[in-house]
Amino acid sequence: MAEMIGPRLYSCCNCRNHVALHDDVISKSFQGRNGRAFLFSHVMNITVGRKEDRQLMTGLHTVADIYCSDCQAVLGWKYERAYEETQKYKEGKFILEKSKIAKENW
(Lines give C-alpha, C1' and ligand atoms only; values in the text may rest on other atoms or scores of the structure.)
Protein backbone atom coordinates (compact mmCIF):
# COMPACT_ATOMS: atom_id res chain seq x y z
CA MET A 1 0.00 0.00 0.00
CA ALA A 2 1.40 3.39 -1.02
CA GLU A 3 1.92 6.03 1.65
CA MET A 4 -0.15 9.20 1.23
CA ILE A 5 2.11 12.21 0.86
CA GLY A 6 0.72 15.74 1.04
CA PRO A 7 1.89 18.74 -0.95
CA ARG A 8 5.46 19.94 -0.65
CA LEU A 9 5.48 23.04 1.48
CA TYR A 10 7.55 25.37 3.59
CA SER A 11 7.14 26.03 7.30
CA CYS A 12 8.46 28.52 9.82
CA CYS A 13 11.82 27.11 10.97
CA ASN A 14 11.09 28.31 14.50
CA CYS A 15 7.70 26.66 15.17
CA ARG A 16 6.92 24.57 12.02
CA ASN A 17 3.76 26.54 11.19
CA HIS A 18 3.00 25.97 7.47
CA VAL A 19 3.59 29.22 5.58
CA ALA A 20 3.78 28.43 1.84
CA LEU A 21 3.31 25.79 -0.84
CA HIS A 22 6.22 24.83 -3.08
CA ASP A 23 3.91 25.25 -6.08
CA ASP A 24 3.67 28.99 -5.28
CA VAL A 25 7.42 29.63 -5.67
CA ILE A 26 8.01 32.13 -8.49
CA SER A 27 11.78 32.46 -8.09
CA LYS A 28 14.58 31.19 -5.85
CA SER A 29 17.00 33.90 -7.03
CA PHE A 30 16.22 36.69 -4.59
CA GLN A 31 18.32 38.29 -1.87
CA GLY A 32 16.92 38.75 1.63
CA ARG A 33 18.35 40.55 4.64
CA ASN A 34 20.23 37.40 5.69
CA GLY A 35 21.11 35.74 2.39
CA ARG A 36 19.11 33.86 -0.20
CA ALA A 37 15.34 34.32 -0.41
CA PHE A 38 12.42 32.98 -2.45
CA LEU A 39 9.67 34.97 -4.18
CA PHE A 40 6.17 33.49 -3.67
CA SER A 41 2.85 34.32 -5.28
CA HIS A 42 0.94 33.34 -2.12
CA VAL A 43 1.72 32.62 1.53
CA MET A 44 -0.44 31.47 4.45
CA ASN A 45 -0.53 31.67 8.24
CA ILE A 46 1.31 34.99 8.32
CA THR A 47 0.53 38.47 9.57
CA VAL A 48 1.52 41.59 7.68
CA GLY A 49 3.20 44.50 9.42
CA ARG A 50 3.24 48.22 8.67
CA LYS A 51 4.06 49.46 5.19
CA GLU A 52 7.30 51.37 4.75
CA ASP A 53 9.44 52.58 1.89
CA ARG A 54 12.67 50.59 1.72
CA GLN A 55 15.64 50.97 -0.62
CA LEU A 56 16.38 47.45 -1.87
CA MET A 57 18.97 46.17 -4.34
CA THR A 58 16.52 46.70 -7.22
CA GLY A 59 15.35 50.18 -6.21
CA LEU A 60 12.81 51.82 -3.95
CA HIS A 61 9.81 49.70 -2.91
CA THR A 62 6.97 49.99 -0.42
CA VAL A 63 7.13 46.78 1.63
CA ALA A 64 5.65 45.33 4.80
CA ASP A 65 7.43 42.76 6.94
CA ILE A 66 5.60 39.45 7.27
CA TYR A 67 5.50 37.42 10.49
CA CYS A 68 4.65 33.83 11.36
CA SER A 69 1.10 33.91 12.75
CA ASP A 70 2.06 31.44 15.52
CA CYS A 71 5.44 32.55 16.89
CA GLN A 72 5.65 36.07 15.35
CA ALA A 73 9.12 35.47 13.85
CA VAL A 74 9.92 37.79 10.93
CA LEU A 75 10.00 35.57 7.82
CA GLY A 76 10.42 38.14 5.05
CA TRP A 77 8.30 40.86 3.49
CA LYS A 78 5.43 41.63 1.13
CA TYR A 79 5.96 43.90 -1.86
CA GLU A 80 3.18 46.48 -1.70
CA ARG A 81 4.49 48.85 -4.38
CA ALA A 82 7.39 49.04 -6.80
CA TYR A 83 8.37 52.49 -8.02
CA GLU A 84 10.29 51.32 -11.08
CA GLU A 85 8.30 49.98 -14.02
CA THR A 86 10.57 46.94 -14.45
CA GLN A 87 9.86 45.89 -10.85
CA LYS A 88 6.03 46.12 -10.94
CA TYR A 89 5.71 42.32 -11.30
CA LYS A 90 6.68 42.02 -7.60
CA GLU A 91 3.65 43.95 -6.33
CA GLY A 92 1.45 41.79 -4.12
CA LYS A 93 4.12 39.05 -3.96
CA PHE A 94 6.02 37.78 -0.92
CA ILE A 95 9.66 37.20 -0.01
CA LEU A 96 10.45 34.38 2.42
CA GLU A 97 14.06 34.20 3.55
CA LYS A 98 15.57 30.76 3.10
CA SER A 99 17.15 30.87 6.56
CA LYS A 100 13.71 31.41 8.16
CA ILE A 101 11.83 28.51 6.52
CA ALA A 102 12.10 24.72 6.44
CA LYS A 103 10.96 22.16 3.86
CA GLU A 104 8.07 19.80 4.76
CA ASN A 105 6.89 16.65 2.88
CA TRP A 106 9.91 16.47 0.56
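Just so it is clear, the values below take in all heavy atoms, side chains as well, and ignore hydrogens, waters and symmetry mates.
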Task: R16 to A102 - nearest heavy-atom pair and separation - done: NH1-CB, 2.6 Å
- [ ] Nearest 0.5 Å please: distance from the CZ atom of F30 over to the CE atom of M57.
- [x] 10.5 Å
Open item on the list: Test side chain to side chain contact (heavy atoms under 4.5 Å, CB included) on C12 and L75; report intermediate values, then the result.
Closed with: CA-CA 7 Å; C12 171; L75 301 177; 4.1 Å; yes
Task: Whether Y10 and H22 hold their rings parallel, tilted or perpendicular, with breakpoints at 30° and 60° - done: tilted
Open item on the list: For the backbone of G59 and the side chain of Q87, can you confirm whether one donor and one acceptor N or O come within less than 3.5 Å of each other?
Closed with: no
Task: Parallel, tilted or perpendicular, as decided by the 30° and 60° cut-offs, for the rings of W77 and Y79 - done: perpendicular
Open item on the list: Are K78 and I46 packed together at the side-chain level, in the sense that at least one heavy-atom pair is separated by less than 4.5 angstrom?
Closed with: no
Open item on the list: How long is the straight-line distance from CD1 of I66 back to CD of E97, given to the nearest 0.5 Å?
Closed with: 9.5 Å
- [ ] Would you please test T47 and Q72 for side chain to side chain contact (heavy atoms under 4.5 Å, CB included) and show each step?
- [x] CA-CA 8 Å; T47 56; Q72 303 307 311; 3.8 Å; yes
Task: Among S11, P7, C68, side-chain contact (heavy atoms from CB on, under 4.5 Å) partner for H18 - done: S11
Task: Test salt bridge (Lys or Arg N to Asp or Glu O under 4.0 Å) applied to K88 - qualifying residues, sequence neighbours left out - done: E91
Task: Nearest-0.5 Å distance that lies between atom CD1 in I95 and atom CD in Q31 - done: 10.0 Å
Task: Common cluster, W106/F38, ILVMFWY with side-chain heavy-atom separation under 4.5 Å - done: yes
- [ ] Determine the sole option in D24, V43, I26 for which the side-chain contact (heavy atoms from CB on, under 4.5 Å) test with K93 is passed.
- [x] I26
Open item on the list: Atom CD of residue position E85 - does it have more than 12 heavy atoms of other residues, nucleotides or ligands inside 6.0 Å?
Closed with: no
TODO: Run the numbers on V48 and E80 for side chain to side chain contact (heavy atoms under 4.5 Å, CB included), then give the verdict.
DONE: CA-CA 11 Å; V48 180; E80 298 286 354; 4.2 Å; yes
- [ ] Any pair with a residue in residues 32-41 that passes salt bridge (Lys or Arg N to Asp or Glu O under 4.0 Å), sequence neighbours left out, goes on the list, sorted by first then second residue, please.
- [x] R33-D65
Task: ring pair (Phe, Tyr, Trp, His ring centres under 6.0 Å) contacts touching residues 80-104 (sequence neighbours left out) - done: none
- [ ] Keeping the roles fixed (side chain from N45, backbone from S69), state whether a donor-acceptor pair exists under 3.5 Å.
- [x] no
Task: Between CG on residue L21 and NE2 on residue H42, distance to nearest 0.5 Å - done: 10.0 Å
- [ ] For the pair D53 and T62, evaluate side chain to side chain donor-acceptor pair (under 3.5 Å) and give the outcome as yes or no after the intermediate values.
- [x] CA-CA 4 Å; D53 285 343; T62 301; 2.6 Å; yes
TODO: Could you state whether V25 and L96 fall into the same hydrophobic cluster, counting links through intermediate Ile, Leu, Val, Met, Phe, Trp or Tyr residues with side-chain heavy atoms under 4.5 angstrom apart?
DONE: yes
- [ ] Assess whether side chain to side chain contact (heavy atoms under 4.5 Å, CB included) is satisfied between K100 and V19, documenting all intermediate values.
- [x] CA-CA 11 Å; K100 306 285 184 151; V19 294; over 6 Å; no
